[in-house]
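Here's the structure, in structure tokens; my notes come after.
Start at 1 and go down the list; that is how both ligands and their atoms are numbered. Each residue takes its place number in the sequence, starting with 1.
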Amino acid sequence: MARSNDEVAALLQEYADLISITGGDAFKARVYEKAARSVGGHHADVAALDLKGLQEIPNVGKSIARKVREYVDSGTVAAVEELRSRIPDGVRRLTAVPTLGPKKAMAVYEELGVSSVAELADAIRDERLRDLRGFGPKTEENILHGIELLRASGGRAHIDVAMELAEDIVRVLSAVPGCERCAHAGSLRRMRETIGDIDILAAAEESAPVMKAFTGLPYVTEVIGQGGTKTSVRTGRGLDVDLRVVPPDSWGAALQYFTGSKAHNIRTRERAVHQKLKLSEYGLFDVESGEKIVSGTEEEVYERLGLPWIPPTLREDRGEIEAGLRGDLPELVAEDDLRGDLHTHTDLTDGLAPLEEMAEAAAARGYAYYAITDHAPDLAMQRMTNERMLAQRERVRALDGTYPTKGRRGGLRLLHGTELNIGPEGEVDWPDDFLAGFDLCVASVHSHFRQSREQLTRRLVRACENPYVNIIGHPTTRLIGKRPAIDADLDAVFAACARTGTALEINAHPDRLDLRDEDILRARRHGVRFAVNSDAHAVPHLAHMRYGIGTARRGWLTGDDVINTWPERRLRSFLRKGG
Ligand code: DGT
Ligand code: CA
Ligand code: CA
Ligand code: ZN
């Protein structure tokens with residue numbers, strides 16, 4: 001996705017927030033919010049569009065198009081600056097607290113002078129909030145909970161934000177004369193769901209030119225530390241970045257060291273010690289003679305320790321060393337193994353692009369099959385009806401096989417599905433005879449998140465027992481940094497999935513990554529199958545798959561575990577659920 005689209009989307013969203021905070025027209029705020037989402041999901045780079053091109057983006061009218069041009073041309077928008085100047089930054093930071101919202105943020109600022117998250121927590125502790133109009137003890141409790149969530153995320157960034165930034169840095173530094181290699185390491189290379197800071201590694205005889213290019217990057221706002229081999233910076237993207245420059249012949253040892261995790265490194269160092277060796281970021285050395293044994297590649301380092309090369313996503317000391325010693329490391333699923341996507345939306349519900357555009361983009365990704373799964377009627381705001389669903393099915397059937405798909409014989413096979421809502425009792429939107437018409441059904445929890453553990457568990461188990469439900473979508477419904485997972489007995493749900501032939505989704509959206517790695521490891525032991533899905537609501541979201549695959553790899557999954565790597569016949573047989 002073009003970076004300018006993200007920037008413009010963030011600006012439009014900020015404008016919408018500012019309108020709400022300052023008590024502006026709620027309708028206008030919503031218009032800007034919708035435009036922000038459309039721009040963020042637009043396939044073409046907005047920086048390259050003229051006013052007319054901009055207005056062809058859904059939800060972008062003339063006045064928004066003008067603001068976008070103004071931003072692209074000058075870097076600022078007068079209307080946004082004007083609103084920004086009317087409220088302190090602290091109030092805007094308050095809106096990051098889940099459940100607080102812009103109106104309440106402004107109210108606590110105006111009534112109590114609260115302008116930071118810490119002051120807000122204090123005010124709640126002193127029970128000062130409950131006397132404000134529109135607040136009460138329950139609101140206080142909710143906000144406090146929101147503050148906890150915000151703090152629990154510890155300022156860690158979502159993986160897509162970190163990945164896009166890291167790839168840009170690696171691209172720039174790789175072009176510096178004398179830079180022989182450059183790559184990201186750390187938690188990002190291990191594909192953790194959130195990233196504390198970005199670690200970049202470069203190999204060069206001379207570090208100075210690389211360091212200089214690094215501190216000169218346009219989004220660097222502050223140099224936190226600078227030395228001969230390491231420089232740390234703060235960026236305007238809310239993330240710090242460490243750069244280490246090592247001599248080219250230390251590359252392998254340094255990459256191994258800075259990829260981590262710390263726990264994994266402790267284990268590899270122990271193995272070295274047992275063999276009278278010393279492992280550091282400079283290489284593997286003989287303790288007695290001090291002689292360097294290997295350092296050029298990770299493979300050599302692991303081999304000398306008696307281990308096969310271990311994929312970074314496994315390096316968490318969760319059994320990978322033992323498995324490596326036994327020669328038992330899994331053949332991890334890869335993005336290239338995917339033959340399709342089984343949970344996607346179109347503009348028939350809350351997606352941004354029409355069916356044709358989504359299918360064309362799916363074909364360009366080289367998929368063999370692709371499922372359209374728009375929302376079902378119980379999500380009332382989506383206004384789904386039987387007629388609309390059946391009309392869509394006809395279009396899907398007409399387009400089936402008509403998109404030539406890259407590198408495969410025959411056109412893209414389109415599956416017609418839906419994303420059902422798992423109701424409070426585990427019921428779904430339609431009766432069996434209507435469900436029978438779909439090629440597949442995803443079923444997800446979209447409401448009643450706070451039921452008791454028993455109720456939530458029963459609900460999910462019932463959904464699995466429905467003969468038409470093939471995949472449980474985003475099974476825990478958590479939103480990273482925003483909403484906790486529902487409190488269900490997941491082991492009972494995993495057992496039900498295995499028993500009924502229902503797959504669990506690994507939702508690849510960087511806000512979700514649900515199931516998460518630890519739950520995948522547990523589910524796998526029950527013999528459950530998985531589907532890694534984008535849940536795309538726009539064309540660029542199809543590319544989120546890489547994060548879902550990263551999560552699946554952290555969960556030790558192989559291609560055989562993931563139903564959307566299977567050939568179409570095997571998939572269709574699974575979708576019949578033993579019937
Ligand atoms: P993060 O940044 O919190 O998402 O997680 P990491 O894993 O990227 O951690 P970070 O940035 O502190 O360090 C990057 C890697 O460098 C880490 O995974 C392992 C290595 N490392 C850092 N400090 C130590 C240490 O004290 N001992 C060992 N063995 N390795 C370290
Ligand atoms: Ca890091
Ligand atoms: Ca670091
Ligand atoms: Zn969905």
Side-chain angles (χ1 to χ4, degrees), residues 153-159 161-163 165-166 169 183-201 224-225 229-230 232-233 235 239-244 246 253-273 278-282 312-317 341-346 348-352 358 371-376 379 382 384 417-422 440-446 471-475 477 479-480 505-509 511-512 514 531 533-538 541-542 544 548 554:
S153 73
R156 297 180 66 86
H158 286 199
I159 189 170
V161 176
M163 188 65 87
L165 184 57
I169 296 172
H184 64 263
S187 53
L188 185 59
R189 185 164 179 238
R190 303 196 314 277
M191 298 295 279
R192 273 194 64 179
E193 61 192 35
T194 59
I195 305 301
D197 72 357
I198 297 176
D199 300 280
I200 304 282
L201 190 65
I224 312 166
T229 59
K230 177 177 168 183
S232 301
V233 301
T235 70
L239 260 165
D240 295 349
V241 187
D242 287 343
L243 168 68
R244 278 134 183 136
V246 298
L255 187 59
Q256 198 282 327
Y257 183 90
F258 292 115
T259 296
S261 66
K262 225 179 246 184
H264 175 83
N265 285 359
I266 290 172
R267 298 295 309 278
T268 49
R269 233 172 5 212
E270 272 171 13
R271 284 203 60 77
V273 170
K278 180 175 169 278
L279 179 60
S280 76
E281 62 266 51
Y282 298 106
T313 52
L314 301 186
R315 300 184 195 172
E316 299 288 350
D317 191 20
D341 196 332
L342 300 178
H343 176 178
T344 71
H345 297 272
T346 73
L348 182 63
T349 54
D350 57 350
L352 294 170
M358 296 301 283
I372 314 284
T373 57
D374 272 315
H375 289 287
L379 211 55
Q382 306 299 342
M384 181 51 74
T418 182
E419 181 179 11
L420 300 166
N421 303 288
I422 305 176
L440 93 166
C441 296
V442 178
S444 316
V445 169
H446 288 128
I471 299 171
I472 303 293
H474 43 75
T477 80
L479 293 174
I480 296 174
E505 179 172 82
I506 298 171
N507 189 296
H509 196 290
D511 294 347
R512 292 193 183 272
D514 180 11
N533 293 328
S534 72
D535 194 3
H537 284 67
H541 299 167
L542 293 173
H544 286 152
R554 288 181 62 80

Which residue supplies the protein heavy atom nearest to [atom], what is that atom called, and how far is it?
{"atom": "atom 20 (C) of ligand 1", "result": "Tyr257 O, 3.3 Å"}
{"atom": "atom 15 (C) of ligand 1", "result": "Phe258 O, 3.2 Å"}
{"atom": "atom 17 (C) of ligand 1", "result": "Gly260 CA, 3.9 Å"}

Heavy-atom gap Arg156 to ligand 1 smaller than 4.0 Å: yes
Within-shell test, Lys262 vs ligand 1, heavy atom, strictly < 4.0 Å: yes
Indicate yes or no: at least one non-hydrogen side-chain atom of [X] is less than 4.5 angstrom from one of [Y].
{"X": "Ile159", "Y": "Leu188", "result": "yes"}
{"X": "Ile480", "Y": "Thr194", "result": "yes"}
{"X": "Val442", "Y": "Leu342", "result": "no"}
{"X": "Gln256", "Y": "Leu279", "result": "yes"}
{"X": "His537", "Y": "His509", "result": "no"}
{"X": "Thr344", "Y": "Ser534", "result": "yes"}
{"X": "Arg156", "Y": "Glu193", "result": "no"}
{"X": "Ile198", "Y": "Thr235", "result": "no"}

For the Zn ion (ligand 4), find the closest N/O/S atom belonging to [X] and write down its atom name.
{"X": "His345", "value": "NE2"}
{"X": "Asp535", "value": "OD1"}
{"X": "Glu419", "value": "OE1"}

Among His345, His541, His474, the one residue meeting side chain to side chain donor-acceptor pair (under 3.5 Å) with Asp535: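 So, applying the side chain to side chain donor-acceptor pair (under 3.5 Å) to Asp535 and each of His345, His541, His474, only His345 qualifies.
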Which of the numbered atoms in ligand 1 are under 4.0 angstrom from any heavy atom belonging to [X]?
{"X": "Gly186", "result": "8 (O)"}
{"X": "Thr259", "result": "18 (O)"}
{"X": "Arg269", "result": "29 (N)"}
{"X": "Ile195", "result": "4 (O)"}
{"X": "Asp199", "result": "8 (O), 11 (O), 14 (C)"}
{"X": "Arg190", "result": "7 (O), 18 (O)"}

The Ca ion (ligand 2) to nearest N/O/S of Asp199 less than 3.0 Å: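 True for Asp199.
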Pick from Ser261, Ala185, Ser280, Ser187: the one approaching atom 1 (P) of ligand 1 most closely through a non-hydrogen atom: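 Nearest heavy atom to atom 1 (P) of ligand 1 lies in Ser187.
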Is_contact(atom 11 (O) of ligand 1), protein non-hydrogen, under 4.0 Å: yes
Protein contact for atom 30 (N) of ligand 1 (heavy atom, distance under 4.0 Å):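 Protein heavy atom within 4.0 Å of atom 30 (N) of ligand 1: present.
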How far does [atom1] of [X] sit from [atom2] of [Y], to the nearest 0.5 angstrom?
{"X": "Leu379", "Y": "Glu419", "atom1": "CG", "atom2": "CD", "value": "8.0 Å"}
{"X": "Thr349", "Y": "Asp374", "atom1": "OG1", "atom2": "CG", "value": "3.5 Å"}
{"X": "Thr259", "Y": "Asp199", "atom1": "OG1", "atom2": "CG", "value": "8.5 Å"}

Ring center gap for His446 and His375 short of 6.0 angstrom: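 Yes: the rings meet the under 6.0 Å criterion.
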Geometric N/O contact Thr194 with ligand 1, under 3.5 angstrom: no
Ligand 1 contact on Asn265 by region, counting heavy-atom pairs under 4.0 Å: side chain
The Zn ion (ligand 4) to nearest N/O/S of His343 less than 2.8 Å: yes
